[in-house]
Amino acid sequence: MKTYQEFLEEQGEKKWQKYWEDNKIFEVTEESPSVKTQGREKFYGLIEFPYPSGAGLHVGHPRPFTAMDVICRKKRMQGKNVLFPIGFDAFGLPTENFAIKTGRPPAEVTAENIANFTRQLKMLGYSFAWDRAVDTTDPKYYKWTQWIFLQLFKHGLAYKKAMPINWCISCKIGLANEEVVDGKCERCGGPVEKRNKEQWMLSITKYADKLLQGLETVDYIPQAKIQQQNWIGRSEGINFKHKIKDMNLEFEVYDSIPQTFMAQTFVIIAPEHPYVYEMVKGTEHEKEVMEFVEKIKKKKAGDKFDIDSDMEGIFIGRYSENYLGIGRNLPIWVASFALMDYGTGIVGCSVHDERDYKFAKMYDLPLHPVLFPEDKELAEKVRSTEIFYREQNGILEEPIDFKGRKWDEVRQDIIEYIVKNNLGKRAVNYKLRDWVFSRQRYWGEPIPLVYCENCKNKKHHYVFVHGFMSYSGEGWKPWMKQILEKQGNTVFCPDLPNTNEPNIDEQVEYILKNTKIDENTILVGHSLGGVVVYKLLEKLNKKVAKVLLLDPVVTAKFPDKIRPVVEKSCDWNFDFEKIKKLSNEFIILGDIDFKTIFEKDLRDLEKKLDGTLVLARPEDVHFTASEEPMVLQLLENTGWIPLPESSLPLELPKVAKYEPTDNGESPLAHIDEWVNTICPVCGGEARRETDTMPNWAGSSWYFLAYTMMKEKNGEYIWDREKMDYWNPVDWYNGGMEHTVLHLLYSRFWNEFLFDIGLVPTSEPYKKRTSHGMILASDGEKMSKSRGNVINPDEMVEKFGTDAFRTYIMFMGPFDQAVAWDTNGVVGVRRFLEKVWNLGIRTTKDTKLRNTKIDTLLHQTIKKVSEDIEAMHFNTAVAQLMILVNEMSKEEQLFLTPYSLLLKLLSPFAPHLCEELWADLGNKDSIALSEWSEYDPKLIIDDVITVVAQVNGKVRDEFQVPVDISEEEIKKLALASDKVQKWLEGKEPKKVIYVKGRLVSIVI
RNA sequence: GCCCGGGUGGCGAAAUUGGUAGACGCGCAGGACUUAAAAUCCUGUUCUAGCAAUAGAGUGCGGGUUCGAUUCCCGCCUCGGGCACCA
């Protein structure tokens, strides 16, 4: 028999990798075509797909990859239908920067890098389903990234807004945050400033609550949950109303600690707030205040703003009048640290906030605490207690009776008091900000939108159709009418006849008689007004520009009293086949909270009209608020036109140079023939969006792509059956560095896709775990500049793949950082050598047993199975070492324990185990053999060690049968010479027996 | 500053619900085999004292609960990660 060394030298590992590939061992299907896969439960294991850098695979990659491979190999042996996919997240900055430097096309470089990564990953023997490998830069793939973006756009979740970007003055290029080091450009070391640029944004904040609530239903490691919660940063508080003295102006102030609302003595407002100018214009303070505002704006545009050294403010000469009706006027200041984009941008300040306190002291503003000084016990519960005492001689007022209860208990009462007395209303705020989705770069997915000036300037005739028991002046209609007319549109918003006992036909007649409806008309139907719109279109039989249905009635399912009236208002037969053709666009806005109009019916309607359903939580139930931003967003004409879905993918054009333009546009802006295009709506001239999507886009849905791939031509088909089979992901392991952004973004996309009915579950990942980093042998992070990088190729060349994999699993606790130690690989290699040599001593007799080995074997089955599940790979390997050490002491080994050992070891060292498994005469791959269960009867040793303690110190030990009685063992312990010596003839006060462990004697 | 993790031999680390601290591996020391070396095998290896039996100390520090604490509680020190003017 050859040695292990010879096996490796003869490329034995490669041989098995080829065997797995040729025999499609790890390719899986969901249709269960063979008997083998029938009735098996699915298991979807996911790792974060790598970015194929030019440097090749880093030793950091194999840690999570090997771990999930071990898990998947075990699950496969346990009879699960396992999908373990791999792909490449290939859009990204390094490749683009390489292109700028060398002029080589990123697509070409990416292909080379992917080829190298593929070679390296295959070398490591992972049980990946290679046939499903994805590449985010493949147009077939990003066609769907673009498609999902269009869905977001059509559902009002994408909008353009001026946002600051990092701008390197000398490179003339927008930089990613990670390219800015200490306020300087990472490439040239030059200064970086903030520049405002119109950017595409995704409204992730609309999903803040869902993303928060969803966390309660998933099994993530606690750190991941906590980090996401903190990032979302939900806070509940009160918006207080303020009226400005000597002005016709009111505003609201958000306060998350309304307990101290009575202590407020001044108000600060963010410098960027439009009300600042509003309040100072024409006053003696105007010049001074506006200069201050400009100064602060400039300062904030610089690199870093430090709260302590940069705290400053200025009085604007205005007062909040008669605060809360108690007669006090609060001075209003502009302050550098007030944030425009949190709360209302205006803050009520009191002594109880450390920062406000500091500011007040700086400018000598009045302060006083909220509580009586004699109420000391309660005062201790107050935030900033120290400040409270410092100021206890201030003016005092009694807000509410606290009766000595705990501060947090009081909170709810105070909030209720505030709401009941109409001093303010409940409000919720989030730290989460909308997602900046544009990059002024070449190497990303093009955004599939065009800007059409012609369409933007086109004016429309709007017809608002109100609902049951309503009228034209109700809710958002007057507000919206005003906005639309201001933009040059015409609006017809009538009071329909007999609104309390409507006859739909009669109402249709009324509209047709009183206004003109043609291809330029936008119909907006609210509630029962939706029914009027269906009938109107049916009767009119002419095309209109657009139809917006706001929580429209579809069927006459209504509460008792109203029902008969609604039922007889109409015949409830609609020819949707006909209606559907009368507008290119049907947008249906549904209120999630309104229980009378059912989501199911709206989804039905969406299908029948070929429309777009947007489910929302409006400002007020059933879209009856007087200002309704959701409606505005869907009616406002921005001039941005989505490309037809059938025209996707919008492919990246070839460019001559990869530098951004001088004014920071993406390189795509250089290519006139690409930029100038035709508007898909009006056929006129239009310009393409030249920004591309961020790196996060492609990775926000890749776990879906793996399950929707059509094998034949590599096309991706949105195949619900396949998705329903595999999704959600059962187990997702990744780095802690991705627990905030990537995880949140991909959860957002998946929850959105779930809301529009395209994926089976709202949460994409059932379970999320995290791995620790692998550090260099000096304990530092590995980096090229430090020269401490370990190359996987070299390790595999030297020790073999199996030793490399097993060492990575053995090196330390999986969730913690560990330093690389090449000597450690040597130890694992010796262990594998030992396993190889066991083969020589094995007889093929399956009947003979060795009790000692069998017990240890079953203990090992138990431990290895449980440890893999808990990701305690290091102790699983240690246990296998113990077993192998024992086995190698035996003269002769029997077949059964030997083959069980191979199965247990095979997830870690698959090549070695395949070889030895085949040597035993097995025809099928060990990867498809059955994982063994331990026998609970066999894991119990018959002889155990029990120790005797005297006053907590171990003094003697005994080998006793496992079933020894308490009485017997106590007798034995007390009779021991060594124990007697320590007792010194005294009677023990107490004797405690811990079963199977020890006898503790107290004197 | 706030929120999470960690801190155990020379090193990577183990240790069920509180129950023999240091499993397993590296390294080191001694031995066997060898002309020699490598490889392999065997023995030892927390520290201190002792030839040894043995005794004492010991899981970042200081207290507490307990017959018994690496594990639970209180107060600190320290390292790593995340957030950081969010009213």
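The model shown is predicted, which means the values in this text are computed figures rather than measured ones.
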**Report entry** Candidate pair A:Asp867 and A:Phe873, rule side-chain contact (heavy atoms from CB on, under 4.5 Å), full reasoning
**Finding:** CA-CA 6 Å; A:Asp867 279 356; A:Phe873 306 107; over 6 Å; no
Query - Same-atom distance (P) from B:rC86 to B:rG6, integer angstrom - result: 28 Å
Query raised in the report: Between A:Trp435 and A:Tyr745, does the ring centre distance come in under 6.0 Å?
Result: yes
**Report entry** Of A:Leu880, A:Leu883, A:Asp802, A:Val884, the residue whose pairing with A:Val835 passes side-chain contact (heavy atoms from CB on, under 4.5 Å)
**Finding:** A:Val884
**Report entry** Chi-based syn or anti call at B:rG9, which uses purine or pyrimidine torsion atoms and a 90° bound
**Finding:** syn
Query raised in the report: Below 4.5 Å, heavy atoms only, C-beta onward: do A:Arg318 and A:Val267 meet side chain to side chain?
Result: no
Query raised in the report: When the C1' atoms of B:rG27 and B:rU17 are considered, how many whole Å apart are they?
Result: 36 Å
Query raised in the report: Is the closest basic N to carboxylate O distance between A:Lys971 and A:Glu967 below 4.0 Å?
Result: no
Query raised in the report: To the nearest angstrom, how far is A:Ile257 atom CD1 from B:rC86 atom P?
Result: 10 Å
Requested in this report: Using the C1' atoms only, state how far B:rG1 lies from B:rA57, rounded to an integer number of Å.
Outcome: 40 Å
Query raised in the report: Does a donor on one side chain and an acceptor on the other come within less than 3.5 Å for A:Asn885 and A:Lys834?
Result: yes
Report task. May I ask you to check whether A:Phe810 and A:Phe831 place their ring centres under 6.0 Å from each other? Result -> no
Taking N or O atoms only and anything under 3.5 Å, show me the protein contacts with nucleotides 78-85 of chain B, one pair per line.
from, atom 1, to, atom 2, distance (Å)
B:rC85, O3', A:Arg355, NH1, 2.9
B:rC85, O2', A:Arg355, NE, 3.4
B:rC85, O2', A:Arg355, NH1, 2.5

**Report entry** Separation between the C1' atoms of B:rU34 and B:rA39, rounded to whole Å
**Finding:** 11 Å
Query - Partner set under side-chain contact (heavy atoms from CB on, under 4.5 Å) for A:Glu890, not counting sequence neighbours - result: A:Asn850, A:Lys852, A:Ile853
**Report entry** Separation between the P atoms of B:rG19 and B:rC79, rounded to whole Å
**Finding:** 31 Å
Requested in this report: Please state the P separation for the pair B:rC85 and B:rA15 - nearest whole angstrom.
Outcome: 40 Å
Requested in this report: Could I get the full list of ring-ring contact (aromatic ring centres under 6.0 Å, His included) partners for A:Tyr207, not counting sequence neighbours?
Outcome: A:Phe748
**Report entry** Charged N-O contact under 4.0 Å between A:Glu48 and A:Arg768
**Finding:** yes
Report task. Measure from CD on A:Gln5 to P on B:rU40 and round the result to the nearest Å. Result -> 11 Å
Query raised in the report: What is the distance from CG of A:Asp956 to P of B:rA53, rounded to the nearest Å?
Result: 15 Å
Query raised in the report: Side chains of A:Thr739 and A:Tyr220: do they bring a donor and an acceptor to under 3.5 Å?
Result: no
Query raised in the report: Which whole-number value in Å describes the distance from A:Ile840 CD1 to B:rU40 P?
Result: 15 Å
Query raised in the report: Out of curiosity, A:Glu957 CD to A:Thr945 OG1, how far, rounded to the nearest 0.5 Å?
Result: 6.0 Å
Report summary line: Heavy-atom contacts, protein to nucleotides 17-26 of chain B, under 4.0 Å, summarised as B (base), S (sugar-phosphate only) or - (none) per nt, yield --BB--BBSS
Query raised in the report: Given the C1' atoms of B:rA21 and B:rU8, what is the spacing between them in whole Å?
Result: 8 Å
Query - Distance, rounded to the nearest Å, where A:Lys970 contributes NZ and B:rC67 contributes C1' - result: 12 Å
Query raised in the report: In whole Å, what is the span from the CG atom of A:Leu365 to the P atom of B:rA87?
Result: 21 Å
Requested in this report: Please work out if A:Gly996 contacts a base, only the sugar-phosphate, or nothing of the nucleic acid, heavy-atom cut-off 4.0 Å.
Outcome: nothing
**Report entry** 5' precedence on RNA chain B between A:Lys863 and A:Asp341 (nearest-nucleotide basis)
**Finding:** A:Lys863
Query raised in the report: Does the ring centre of A:Tyr323 sit less than 6.0 Å away from the ring centre of A:His242?
Result: yes
Query - Spacing of the P atoms in B:rG58 and B:rA52 (rounded, Å) - result: 23 Å
Please list each protein N or O that sits under 3.5 Å from an N or O in nucleotides 54-56 of chain B, with the distance.
from, atom 1, to, atom 2, distance (Å)
B:rG56, OP2, A:Arg955, NH1, 3.4

Query raised in the report: To the nearest Å, how far apart are A:Tyr807 OH and B:rG12 P?
Result: 11 Å
Report task. Assign A:Ile268 to base, sugar-phosphate, or nothing according to its heavy-atom contacts below 4.0 angstrom with the strands shown. Result -> nothing
Query - Enclosure of A:Lys358 NZ (heavy-atom neighbours >12, cutoff 6.0 Å) - result: yes
Report task. Could you tell me whether A:Pro813 contacts a base, only the sugar-phosphate backbone, or nothing, with contacts defined as non-hydrogen atoms closer than 4.0 Å? Result -> sugar-phosphate
Query raised in the report: What is the distance, rounded to the nearest whole Å, between atom CG of A:Asp977 and atom P of B:rA53?
Result: 18 Å
Requested in this report: Look at A:Glu833 together with A:Arg830 and state whether they make a salt bridge at an N to O cut-off of under 4.0 Å.
Outcome: no
Report summary line: Note, RNA chain B 5' to 3' with Watson-Crick or G-U pairs under 3.5 Å encoded as ( ), [ ], | and . gives (((((((..(((......[....)))((((((.......))))))((((....))))..(((((..]....))))))))))))....
